[in-house]
Protein chains: 2
Amino acid sequence: MGKKGEGNRQRILDAAENLFYKRGYNQTSFQNISDATDIPRGNFYYYFKTKEDILNAVIDARVVSLSAMLSNYDAEVPDPRERLLMFTNVLERDSDDIMLSGCPLGTLSIELAKGDTALHDKSKQAFIVLCKWMEEQFDLMGLSNADELAIDLVSRLQGINVMANVFNDAGYLKRSHIEIKKWINEQD
Amino acid sequence: MGKKGEGNRQRILDAAENLFYKRGYNQTSFQNISDATDIPRGNFYYYFKTKEDILNAVIDARVVSLSAMLSNYDAEVPDPRERLLMFTNVLERDSDDIMLSGCPLGTLSIELAKGDTALHDKSKQAFIVLCKWMEEQFDLMGLSNADELAIDLVSRLQGINVMANVFNDAGYLKRSHIEIKKWINEQD
DNA sequence: GTCTATATCGAGATAGAC
DNA sequence: GTCTATCTCGATATAGAC
């Protein structure tokens with residue numbers, strides 16, 4: 001048999017991650033998560049003390065999965081510039097979701113910035129991981145202002161995601177990704 | 001004597017505009033607006049049929065005030081490039097609010113994108129006004145791809161605002177505004 | 001571990017007195 | 001026009017049976 005409970009915990013986490021993204025954290029109810037998992041509301045409290053606990057666990061899971069993805073690039077792709085280009089390509093793959101719901105990291109952090117400070121701070125973690133990784137890549141490319149380039153790249157990507165979300169414009173998204181990749185190739 | 005009621009309507013609108021920005025639309029209650037205005041909850045329904053009606057009126061007011069601001073630039077500043085630089089300077093003036101609560105237009109649209117479609121569509125209106133105006137300025141500057149430049153500029157500004165909001169970083173905000181103004185001056 | 005029933009609260013909205 | 005009292009609903013959270 002084994003740990004069936006951990007399976008339930010993971011299912012709650014997966015459903016919450018998706019719903020927090022598609023509906024927003026505050027607009028996602030336990031009922032929504034229950035409907036998506038067929039796990040009754042009351043059962044959630046066996047795995048998580050509060051709704052905030054679920055959010056913290058979701059962010060932890062995101063940090064882990066993002067870190068794993070980036071480590072994978074480090075292992076599979078020798079050239080740091082190629083790694084950055086590959087990251088941009090992944091965003092292209094998710095462009096439908098981004099047009100509908102924006103950037104998973106950005107929209108969550110923006111939502112939480114308007115509420116509790118502790119949750120907003122927590123949401124920064126994924127951004128910090130991403131920025132640090134990009135800084136490493138620019139550093140490996142021998143660029144002196146790697147920290148500024150990293151935040152500039154994330155900033156550009158966030159801007160693109162916001163506009164894609166506001167206007168639901170696929171053409172703009174496609175064009176911008178080309179521009180971003182051009183920009184990455186120009187840095188030296 | 002005159003229309004005291006319209007004064008109340010305006011006070012509700014002003015308080016709602018501020019609270020929707022600082023707390024988010026969904027996280028702002030009638031009680032919050034009541035506390036801010038000293039107008040009892042029940043009275044709101046004399047001026048607005050629903051909470052969505054208040055939001056629609058807030059967005060209408062923003063469109064009017066943004067249009068007025070831009071028309072004022074058109075009247076006061078002859079050079080279109082100077083107008084764009086002046087717009088950027090205004091954002092600099094609001095940088096404390098942006099670090100705390102993000103871009104008033106962007107964060108609202110992002111929040112509404114996760115819910116009702118009609119409200120999200122409504123929230124685009126301010127963006128459309130802004131993009132059109134910027135397009136006009138680039139057009140007056142004799143640039144052929146004015147439409148793309150306009151959305152690129154808004155995109156860059158949105159990215160900056162997101163990062164400033166996520167990281168509460170004043171230094172980044174200041175540096176980015178310089179870069180943006182450099183970019184505006186480079187376009188020809 | 002799992003599930004049902006329920007407590008408690010605050011939300012948007014309404015009715016009607018003044 | 002203004003204000004109070006109240007309705008209804010859905011939210012998070014808890015208690016306790018199985």
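As a basis for the values below, the full set of heavy atoms in this structure was taken, side chains included, without hydrogen atoms, waters or symmetry mates. In this text, all values refer to a predicted model and were calculated from it rather than measured experimentally. Below, read A as the first sequence line, B as the second, and so on, with proteins coming before strands; counting in each chain starts at 1.
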Problem set entry | Stretch residues 49-59 of chain B: residues that reach within less than 4.0 Å of DNA chain C through a heavy atom | B:T50, B:K51
So which protein N/O to nucleotides 3-9 of chain D N/O distances come out below 3.5 Å?
residue, atom, partner, partner atom, Å
D:dC3, OP2, B:N43, ND2, 3.4

Problem set entry | DNA chain C contacts made by residues 17-35 of chain A, counting heavy atoms under 4.0 Å | none
Problem set entry | Between C:dG12 (P) and B:L119 (CG): distance, integer Å | 14 Å
Exercise. Looking at the rings of B:Y45 and B:F30, which for Trp means the six-membered one, are their centres under 6.0 Å apart?
Worked result: yes
Exercise. Which atoms form the tightest heavy-atom contact between A:G24 and B:K114, and what is the distance?
Worked result: N-CD, 3.5 Å
Problem set entry | Aromatic ring pairing A:Y25/A:F20, orientation class (parallel under 30°, perpendicular over 60°, tilted between) | perpendicular
Exercise. Which residues satisfy the side chain to side chain contact (heavy atoms under 4.5 Å, CB included) test with B:L140, sequence neighbours excluded?
Worked result: B:P80, B:R83, B:Q137
Exercise. Counting just side-chain N and O atoms, does B:Y46 come under 4.0 Å of either OP1 or OP2 of D:dT2?
Worked result: no
For this session: Report the residues that fulfil side chain to side chain contact (heavy atoms under 4.5 Å, CB included) with A:K49, sequence neighbours left out, ordered by chain and then residue number.
Result: A:D53
For this session: Check whether any side-chain nitrogen or oxygen of B:Y45 sits under 4.0 Å from OP1 or OP2 of C:dA13, and answer yes or no.
Result: yes
Exercise. Within the distance-only criterion (no hydrogens, no angle test), does the side chain of A:Y21 pair as donor or acceptor with the backbone N or O of A:G102 below 3.5 angstrom?
Worked result: yes
For this session: State whether a side-chain donor-acceptor pair under 3.5 Å links A:Q31 with A:D35.
Result: yes
Exercise. Would A:N32 and A:S29 count as having a side-chain donor-acceptor pair, cut-off 3.5 Å?
Worked result: yes
Exercise. Is the number of heavy atoms from other residues, nucleotides or ligands within 6.0 Å of CE (A:M86) greater than 12?
Worked result: no
For this session: Could you tell me which residues satisfy side chain to side chain contact (heavy atoms under 4.5 Å, CB included) with B:D94, sequence neighbours excluded, listed by chain and number?
Result: B:V90, B:I98
